[in-house]
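Every value quoted in this text rests on a predicted model; they were computed, and no experiment measured them. Per chain, numbering begins at 1; letters A, B, ... match sequence-line order.
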Amino acid sequence: MLAEAIFFSAVLFTIGVIGVLTRRNAIIIFMCVELMLNAVNLSFVAFARAYGVAGQIFVFFVMTVAAAEAAVGLAIIIALFRHKQTVNLQNINLLRG
Amino acid sequence: MEHYPLFYTFHFYLFGLVAVASAILFVTRRSPVSAAMWLVSTMFSLAALYVMLDAPFIGVIQVLVYAGAIMVVFLFVIMLLNLGQASEIADVRSQGWRLAAGLVGLALLAEIFALTRSSSVSGLTLAPGTAARAVNDAGAVGMVAGPLFTTYLLPFEITSVLLLAAIVGSVMIGKQRRAADAR
Amino acid sequence: MLLQHEVSAVGHPLAGTVAEWLWLLPLLPLLGFVINGLLSLVPATVLGPGDPDIAHGAEGAHGEAGHGVAVHAHDSADDHGAHGDDHHRVVRHRFAWLTSIVGPAVLAVAFGLAVAIFLAMRGVGEMSAPFVQRYFSWMPAGSLRIDAAFQLDQLSMVMILVITGVGTLIHLFSVGYMQDDPGYPRYFAYLNLFVAFMLVLVLGASYPVLFVGWEGVGLCSYLLIGFWFSEKANADAGKKAFIVNRIGDFGLLIAMFLLFANLGALDFVGVNEAATRLTFGGPLVTAICLFMFLGCTGKSAQIPLYIWLPDAMAGPTPVSALIHAATMVTAGVYLIARSSVLFSMAPVAGLTVTVIGALTAIFAATIGLKQWDIKKVLAYSTVSQLGYMFIGVGSGAYVAGIFHLVTHAFFKALLFLGSGSVIFAMHAAYHHTGSHEDAQDMRNMGGLSRYMRVTWVLMWIATLAIAGVPFFAGFFSKDEILGSVFLRARESTLADASWLGIPGSSVLYAAYALGLAAALLTAIYMTRMMLYTFHGPNRTGEKERDHLGEAPWIMTGPLVVLGVLSLFGGWLNLPALTSFLGPVGALDRWLEPVVGESARRVTSGVAPEPAHNVELALVGSAVAIALLGIIIAAVRLKPARLVPKAQAPEEHGIERVLANKYYVDEAYDRVVVEPTVGISRGVLWKGIDQGIIDSVFVNGSARLARGVASLGSWIQSGQVGTYAWVLVIGVLAVLGAFTIR
Amino acid sequence: MRELLDSIGYDSWVLLALLVIPALAALGIWVHGAMLGDNEARDRASGTPRQIALWAFIIEFVVSLGLWWSYDPSTAAMQATLDLSWIPSWGVRFALGIDGISLMMVLLTTFLMPLAVLGSWTSIRLKRHSYYALLLLLTTGMLGVFVARDLFLFYVMWEMMLVPMYFIIGIWGGERRIYATMKFFIYTMVGSMLMLVAIVYLGIKAGGAAGPDFAYESVRRMAGSGGAMTLFGAVVPASLLMFLAFSLAFAIKVPMFPFHTWLPDAHVEAPTAGSVILAGIMLKMGTYGFLRFALPFFPDAAMHPAVRTTFLALGTIGVLYGALVAMVQPDFKKLVAYSSVSHLGFVMLGIFALTTQSIQGALMIMINHGISTGALFLLIGMIYERRHTREIAAYGGIARVVPLFAALLTFVSLSSIGLPGTNGFVGEFLVLLGSFQTTPYLATLATLGVIFAAAYLLWAIQRILFNRLHRVENEHIPDLNARELALMVPLVAVILWLGIYPAPVLRRMEASAEQLVTQVSGVAPATSVARAGNP
């Protein structure tokens with residue numbers, strides 16, 4: 001089932017990418033990133049069956065990081081929204097030098 | 001080549017397809033709330049796939065952490081900010097951009113397939129059923145917990161620090177600006 | 001470190017005699033320099049910070065600088081209207097008394113030592129090798145060994161005696177002349193330093209040590225010419241002297257490099273030894289000599305580098321006497337005599353020296369005809385007489401050249417000091433009445449013989465000496481030079497060589513003719529100077545006339561001594577013709593060990609013994625020329641018709657060209673100085689440096705970087721979406737690269 | 001003296017001590033500043049940092065002075081060596097040592113630094129803690145460059161000294177200080193980047209299979225054997241590329257003719273001490289680099305006729321061009337800056353002429369230029385403190401008002417002109433004499449620089465000191481005070497000493513110079529009788 005799992009993983013990942021590229025809502029983009037993480041997790045789990053348990057450990061860590069990321073990211077979005085009254089990234093260019 | 005019963009194969013494909021379909025629906029929804037709901041659906045399907053891939057513990061925490069905790073937070077935030085109205089009309093990029101994104105996606109897919117096909121590390125492959133036996137021997141949790149608390153103890157501890165930092169950070173960031181000014 | 005003697009001349013007859021104290025000779029004046037230099041750092045008078053005279057009062061007190069005073073008067077009228085009388089205030093330095101003792105005393109002691117050493121040298125009799133004393137290693141580098149070493153031989157002995165002897169006299173004169181200048185200690189510091197360097201120049205045992213003195217005297221000359229530096233003209237003159245001398249020094253440096261590169265030695269003994277191995281008349285030895293002569297033209301004011309000497313008259317008059325007449329300017333003659341071995345190997349170089357000397361002699365003499373400034377007349381006369389010396393040393397008559405150097409030191413020092421005494425009197429007169437007339441212009445003088453009899457008599461002695469009237473010092477030395485040239489035109493290596501295609505004998509005959517013509521002109525302009533200064537009616541002014549008078553004894557004393565020397569200086573080297581006067585050819589015999597061999601090489605080993613009638617004819621023509629010149633001047637010039645400078649009409653035609661020195665300074669300015677500065681500023685600095693290198697390359701690359709960066713910053717829109725796109729495309733590209741491979 | 005030094009094991013710790021003393025003092029100043037807390041307290045106690053710095057530099061000088069006696073002039077081998085492991089995994093060692101070339105540079109540095117501190121005694125009023133701490137750090141860097149015997153260590157020190165200088169110019173400089181310091185920093189950095197590449201390449205090649213080896217000797221043994229590299233399709237000898245990479249870094253630092261334009265800007269804007277250090281010491285690192293690395297490492301590349309002629313010609317052009325451009329500068333500091341270009345041109349000429357005399361002369365000029373130009377900059381700083389202008393035209397006739405200053409300025413200028421009897425002459429004479437043997441025509445041209453030197457400096461001092469005093473502001477300038485006099489006295493003494501009795505200095509560098517000539521040309525120079533001679 002390895003090949004199939006990788007297939008699904010790749011498709012899901014691509015969908016996530018397309019989402020990031022086409023959407024401008026910060027929360028949705030954020031969720032797309034989560035989707036991409038999940039897609040990667042799927043391949044990790046699939047590889048774990050073929051190559052050893054380390055893949056699962058990795059998934060564990062990815063989830064932890066994702067949780068942390070979600071907490072901080074959402075906090076940032078909230079702060080941003082308070083500041084700008086929008087989460088549309090087109091209106092936000094704080095990164096511009 | 002390992003042989004799988006049809007029942008297994010059927011469900012594997014089923015959940016896989018559900019995941020893909022939900023994901024497609026997720027990215028195409030205008031409303032953040034419905035998008036989030038479809039994402040939850042994807043994650044449940046993935047949890048099922050994890051279980052079928054001999055990772056029951058991961059499947060469980062996928063449901064608990066992702067579908068349960070993270071996505072709930074997302075929904076909370078969406079509602080808190082009162083998004084979901086058509087106010088976010090400029091959310092989706094124009095036709096041309098979407099087309100380009102689709103092409104990029106296709107290219108990406110193609111490249112991933114080309115790469116995964118060309119390089120397989122068969123020499124390292126475990127004997128079929130090793131993972132399943134491990135689940136039986138050590139138990140669903142023990143199989144992960146064993147390495148996690150021995151070999152990967154240090155990263156594990158660092159993760160806990162990371163989580164702590166994330167908690168403190170999100171509290172600080174999310175705090176009202178007025179509080180900062182008052183000081 | 002000076003104490004660690006390393007006497008290499010063990011076994012030399014002079015070892016163990018007073019000559020061991022050689023090093024004290026330059027050290028004594030150096031001591032004077034240190035003492036006077038420290039005194040000069042003490043302010044002349046205690047001036048309050050608000051005193052407006054801080055700049056002008058001091059300067060106003062100086063003794064002369066004719067046009068300088070005039071310019072200054074004009075300025076002070078502009079700047080400080082109420083300044084008037086104060087301008088001539090005397091500001092004597094607090095420690096002037098100490099300087100008056102130290103300054104001349106060190107020189108007098110040095111002269112005493114020099115005489116003692118001379119007597120010791122006489123005592124040891126025959127001395128064929130120079131007495132060399134090594135003190136310490138100066139510049140050791142690889143195969144190069146340059147020692148701080150002094151060398152004493154007959155030639156340097158002559159120079160030492162002239163320098164310390166005439167130097168002492170001039171120092172004494174300076175005490176009277178400069179005492180009331182606020183910079184008096186500074187003046188003596190420089191003067192002492194000059195003598196120290198001059199002694200190093202003539203004592204140095206190698207070219208580099210000589211070069212120390214060579215540049216050192218140039219430095220002192222620079223400092224003394226610009227002694228009254230508040231006047232731009234004086235500071236300019238000093239700078240000009242230094243830079244023109246540096247051009248000459250360039251030649252001397254190259255000569256040294258050539259010597260070291262080809263002979264591997266730089267000390268005189270080593271060079272003289274190795275030089276004989278060179279090809280006779282070859283390009284190498286000729287090049288060495290010509291570069292060396294370039295150095296001489298700078299220091300000894302020959303064409304084309306003579307231009308600094310007339311300007312150098314901006315310095316105090318005793319300085320002109322010591323540095324710019326008696327000693328420093330003759331260093332070039334000394335150098336050629338010192339390098340006689342080299343020059344005798346290079347006939348073409350010798351001819352060049354002769355030609356340049358002859359041209360300079362006649363050229364400067366013509367300019368001297370029309371100068372009104374008494375010091376300028378003497379300056380051009382000096383240039384002209386130096387030309388004579390170069391005719392001598394160029395044509396291989398080294399002793400004649402040195403002989404003229406010595407006699408010239410006597411009579412020209414006398415002339416300068418005499419003119420100094422005149423200027424002193426003139427200035428004192430103008431000082432009393434507060435007039436700003438030019439104290440150096442002969443048109444303001446006239447009839448001074450009535451007021452200063454001693455000076456008048458002595459100046460006439462010197463004039464007759466320089467004109468070449470028989471039995472005065474100049475007669476013998478000048479005659480010897482002209483006679484030698486005439487004889488060598490017939491039979492010598494020079495006559496056999498050719499110079500720019502012209503046969504050497506023709507060149508020498510031409511030099512002889514030019515020398516005679518210059519002698520005629522010399523007699524004319526010197527007589528003119530005497531007539532205008534001392535004879536005819538007085539033009540100084542009604543009121544000023546009462547204040548004219550003879551200088552104090554401290555100034556006239558040295559003049560008398562020099563007058564005696566100018567009278568009897570010829571006895572140093574009497575020609576065979578005048579054997580009834582005393583021993584013949586004393587200097588010839590004295591210098592024989594140093595230059596004898598070289599001189600014989602030039603004359604192909606034959607001693608130039610002229611036929612009796614030829615010699616008589618030569619002497620007769622020289623005497624006739626001298627007397628003719630004096631008579632022409634006396635008959636043609638009418639001092640009575642002269643009007644003071646202020647009322648003098650403009651000159652026209654050739655007179656004007658002569659008065660303006662053939663416009664050579666202007667030509668140099670136009671051709672050399674202005675283009676150099678212009679190109680440096682316009683092309684090199686603004687053009688290449690700022691224009692090309694800095695703005696195109698250096699700042700250009702900075703601009704390029706900034707341009708590229710602004711492109712990058714345009715891409716950095718701050719839109720996360722764009723970044724995502726770029727990221728994904730990047731990932732695609734990287735994966736694509738893997739895929740394709 | 002030697003026995004005394006040996007008895008305290010002087011050679012084994014002196015170089016390390018020289019590096020550590022300034023660093024410790026800098027730390028001390030920093031701690032002092034930090035303990036004071038706010039800026040006001042720091043300003044009140046601003047006398048302390050300069051005291052600490054001065055004493056640290058004096059101690060440093062005294063400590064370094066022992067090298068004069070402990071150094072054995074009879075051998076060209078590295079002395080007072082120290083070799084500690086530093087970054088073993090990269091084969092980097094903390095290796096120090098001096099030969100006759102570095103000895104003089106070290107002494108020059110330690111000699112000039114106390115004077116630089118005295119020179120900024122009152123002129124620096126702002127952020128004194130930082131200023132003096134940076135000066136001290138800079139010293140560690142500079143000395144490190146001169147004593148490093150490991151290429152990596154050398155590079156670290158080379159870059160380390162750049163940073164303090166960047167701040168010294170950028171914070172305490174004149175009006176256009178930002179432009180100047182940026183130009184200085186970036187220009188130097190650009191050069192040293194390529195050198196880093198070359199150092200890494202050489203280190204890896206020298207080490208072979210055992211891992212990189214940056215030790216000077218092993219790199220030198222290997223570097224000559226070269227090999228070839230392909231560059232844009234062309235096959236080039238590796239040694240040539242490496243040589244050019246090193247040369248670029250050094251030529252910019254020297255600065256050699258077309259790379260010199262950062263110098264006038266940096267000099268004009270830098271504070272007095274900055275100018276003194278920049279001209280006196282840092283410029284020498286370029287020429288030192290040529291002597292220590294570029295030439296001995298790549299003799300074939302350096303002695304290739306085309307390369308050598310180019311460098312000789314650029315040196316000569318630098319001499320004449322620097323002098324001519326200096327002549328027309330309206331700003332005195334700029335004039336001195338361009339005169340540095342001229343002087344360093346002599347050094348380059350001497351180095352590439354490669355005779356014992358020219359190398360020793362080049363070393364002498366390096367020392368002399370440090371002393372004379374350092375003194376000139378100090379004097380300019382003194383008059384600038386009084387009148388706040390460096391325009392030559394703003395002065396004139398001030399010799400009457402400030403006789404001491406005038407005497408010193410004249411004297412130092414004369415030494416810079418190269419008057420015999422002062423230090424300047426010895427260097428120029430030896431360089432020209434030595435160069436004349438290998439390149440007579442270029443040496444002749446360069447000798448013309450002697451004339452121009454007199455022209456530009458004498459003209460400048462005439463316009464400053466002499467002529468008529470035509471400005472009221474200049475009538476009441478106070479003359480030099482005791483501190484300023486005290487700091488000029490050692491300089492004057494050294495100028496005279498090196499002019500009259502340079503033999504001890506020359507003898508100490510002779511063996512190293514001869515070894516260099518032998519290494520690079522492959523032929524031993526004409527035999528010398530010097531080293532057996534008296535001290």
Closest approach of Glu111(B) and Leu735(C), non-hydrogen atoms and distance?
-> OE1-CB, 3.0 Å
Shortest non-hydrogen contact between Ala100(B) and Trp725(C), atoms and distance = CB-CH2, 3.7 Å
Can you name the residues that form a salt bridge (charged side-chain N to carboxylate O under 4.0 Å, His left out) with Arg98(B), not counting sequence neighbours?
-> none
Tyr8(B), OH: over 12 other non-hydrogen atoms inside 6.0 angstrom | yes
d(Leu732(C) CG, Leu103(B) CG) to nearest 0.5 Å is 10.5 Å
Enumerate donor-acceptor pairs with a distance under 3.5 Å from any side-chain N or O in residues 155-166 of chain B to protein atoms, sequence neighbours excluded.
unit_1    : atom_1 : unit_2    : atom_2 : d
Thr159(B) : OG1    : Pro155(B) : O      : 2.5
Thr159(B) : OG1    : Phe156(B) : O      : 3.3
Ser160(B) : OG     : Glu157(B) : O      : 2.4

Could you look at Ala110(B) and say if it's the side chain, the backbone, both or neither that has a heavy atom under 4.5 Å from chain C?
-> neither
